[in-house]
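First up is the structure itself, then whatever we jot down about it.
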Amino acid sequence: MDEAGETYEDKDDLPVLYRKLAKTLKLAPDDYTEQTFRQLLGSCQQIVELLGSLRSKLGDAHSPGPKRSRPLPRHAELAVNLSGTMATFLVSTWQARQAEKPKAAP
């Protein structure tokens, strides 16, 4: 977001930041007319929202007490792998968008 010159607030949560970045990278579902891309990118947005919710509800950052649900290792692995896949995709898209920009004359 910083490199793109986009503004955001410290209070912005993960879904808000993702929506802003998706718009900047032209990855928002409403940037496309093809239904398949709209659905895929909408699903990516849902994954980010759910990962943020999972972190808030099941993560170590908050202590809701001893009755808190504990994710199994396979759930943690899924969350980590989904996060890594999304991060890799966003970085790759950023790099592709930068390569598409016309080079400034010296």
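Below, all heavy atoms of this structure are taken into account, side chains as well, without hydrogens, waters or symmetry copies.
- With contacts defined as side-chain heavy-atom distances shorter than 4.5 Å, the pair Leu90/Leu27 qualifies.
- Salt bridge Glu77/Arg74: absent, no basic N to carboxylate O contact under 4.0 Å.
- Residues Leu41 and Ala28 come closest through the heavy atom pair CD1-O, 4.2 Å.
- Residue Gln98 qualifies as enclosed at atom CD: its count of foreign heavy atoms under 6.0 Å is above 12.
- Qualifying ring-ring contact (aromatic ring centres under 6.0 Å, His included) partners for Tyr32, counting only residues two or more places apart in sequence or in other chains: Phe37.
- A 4.5 Å side-chain heavy-atom check between Leu25 and Leu21 finds at least one atom pair inside the cut-off.
- Taking both residues in full, the closest heavy atoms of Met86 and Cys44 are given as CE-CB, 3.7 Å, listed atom of the first, atom of the second, then distance.
- When every heavy atom of Ala79 is checked against every heavy atom of Leu54, the shortest pair comes out as CB-CD2, 3.8 Å.
- Of all heavy-atom pairs spanning Leu17 and Met1, the tightest one is O-SD, 4.2 Å.
- Contacts of Lys26 classified as side-chain hydrogen bond (donor to acceptor under 3.5 Å, both in side chains), with partners at least two apart in sequence or in another chain: none.
- Listed by chain and number, the residues in a side-chain hydrogen bond (donor to acceptor under 3.5 Å, both in side chains) with Thr7 amount to none (sequence neighbours excluded).
- Listed for the Asp12 side chain is a donor-acceptor partner under 3.5 Å among the backbone atoms of Glu9.
- When the options Glu49, Gln46, Gln45 are evaluated for a side-chain contact (heavy atoms from CB on, under 4.5 Å) with Pro15, the one that passes is Glu49.
- A 4.5 Å side-chain heavy-atom check between Val16 and Asp13 finds at least one atom pair inside the cut-off.
- A salt bridge links Lys23 with Asp31: the distance from a Lys NZ or Arg NE/NH1/NH2 to an Asp or Glu carboxylate oxygen falls below 4.0 Å.
- Leu82 places a side-chain heavy atom less than 4.5 Å from the side chain of Leu78.
- Between the OH atom in Tyr18 and the CD1 atom in Ile47 there is a gap of 8.5 Å [rounded to 0.5 Å].
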